[in-house]
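Worksheet: the structure to be examined is printed underneath.
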There are 2 protein chains.
Amino acid sequence: MPFYRGHMSQDAVDTSLSKWELQLRKGLLTFVVLRELKREQHYGYSLIAALSKVLQAEMAEGTIYPLLSRLQRDGMIDAYWQIQPSGPARKYYRITEAGMRLLSAMQAHWDHVNQRLGDSPS
Amino acid sequence: MPFYRGHMSQDAVDTSLSKWELQLRKGLLTFVVLRELKREQHYGYSLIAALSKVLQAEMAEGTIYPLLSRLQRDGMIDAYWQIQPSGPARKYYRITEAGMRLLSAMQAHWDHVNQRLGDSPS
DNA sequence: CGATATACCTTGCTAACCAAGGTATGCCGT
DNA sequence: ACGGCATACCTTGGTTAGCAAGGTATATCG
């Protein structure tokens, strides 16, 4: 039995919160990645740093690389290799014209939903 | 080959958008359900109508019932049966005290993320 | 020649939406 | 009486996607 801290089931609240934050991240990630790639080109590693800042959570490589592959496969971004004077080569990604259209649609949807949720809850 | 409409890969944009909207819904649903149950009691069927309005998408029963089961299992909501003068009985759900704490934490996280994303993109 | 840093990628596990299909209750028209 | 319909509940199977863990490769430094 864990130490009783004045509220039962705080662990359950924490667990539920973590799972929810994961789901929310899943919902926002593609949007945030496209926004960031519109702002400037990135390679995988530099994206992780940029995203971790925006989403306030450490992004895993196992998240970013498959996501970039999917976006490239679907034509929303394209990529080219750039050899570095020092260290391993970097794969840079740019948003495509289709990616811009997708981003616009996402932004519109986001604004819409956000407006609905903005109506104060309590 | 589909009709060419002036832009290549519009289908890909639409498909990507649908998938993304699904993911976003997954991220928002628990939050919205708790908010709605804080506002007033609901049974499963009446929740579907309320949520469809907020999220601008038809909510499926196969989404809501498992979600309500999970929330009840985790102690975030509780339920009681109410026999109706006509038709099948309804299972009403109420938010619990733990559920209120979860909702507060979600709201704080939501506000935080939303503020970060609010910084205009383009 | 190891150790470290940078950079890429894949596999296996898990969470969760939702189309489809199933069960049960009560009302209504024939 | 009975078939159809609306209301209400629930479960199964397919799909999407994050992420911990583990793998590969390049270049630098001691």
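So that the names make sense, note that chain A is the first sequence line, chain B the second, and so on, each numbered from 1.
As a whole-Å value, the separation of B:Y45 OH from D:dT7 P is 7 Å. Rounded to whole Å, the distance from CH2 on B:W81 to P on C:dT25 is 11 Å. Protein atom CD1 of A:I48 is 13 Å distant from nucleotide atom P of D:dG18, rounded to whole Å. If you measure from atom CD of A:Q72 to atom P of C:dC9, you get 9 Å, rounded to the nearest angstrom. One interatomic measurement links the two molecules: CG of A:L68 to P of C:dC9, which rounds to 8 Å at whole-angstrom precision. Between B:Y43 atom OH and C:dT25 atom C1' there is a gap of 14 Å when expressed in whole angstrom units. Here the C1' atom of nucleotide D:dC10 and the CZ atom of B:R90 are 17 Å apart, to the nearest Å. The CD1-P distance, from B:I83 to C:dT25, rounds to 12 Å in whole Å.
The side-chain contact (heavy atoms from CB on, under 4.5 Å) check on A:E36 picks up A:R39, A:E40, A:H42, A:L47, A:A50, with sequence neighbours excluded.
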Given protein heavy atoms under 4.0 Å, the one-letter contact record of nucleotides 15-20 of chain C, with B base, S sugar-phosphate only and - none, is simply BBSBB-
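Distance OH/A:Y45 to OH/A:Y65: 7.0 Å, rounded to 0.5 Å. Summarising the geometry, atom CG belonging to A:L102 is positioned 9.0 Å from atom CG belonging to A:D74; distances are rounded to the nearest 0.5 Å. B:S16 contributes atom OG, which lies 12.0 Å from atom CG of A:L103 (distance to the nearest 0.5 angstrom).
The side chain of A:P88 has C:dT6 as its nearest neighbour among C:dC9, C:dT6, D:dA8.
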Might you work through the side chain to side chain contact (heavy atoms under 4.5 Å, CB included) test for A:N114 and B:W110, ending with a clear yes or no?
CA-CA 10 Å; A:N114 204 29; B:W110 170 258; 3.2 Å; yes
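Here the side chain of B:T96 pairs a donor or acceptor atom with the backbone of B:G75 at under 3.5 angstrom.
Note on B:Y65: a side-chain N or O is less than 4.0 Å away from OP1 or OP2 of D:dC9.
Taking the six-membered ring for Trp and thresholds of 30 and 60 degrees, B:W20 and A:H109 have ring planes more than 60 degrees apart, a perpendicular arrangement.
Positionally, the nearest nucleotide of DNA chain D for B:G44 lies more toward the 5' end than for the other of B:G44 and A:S86.
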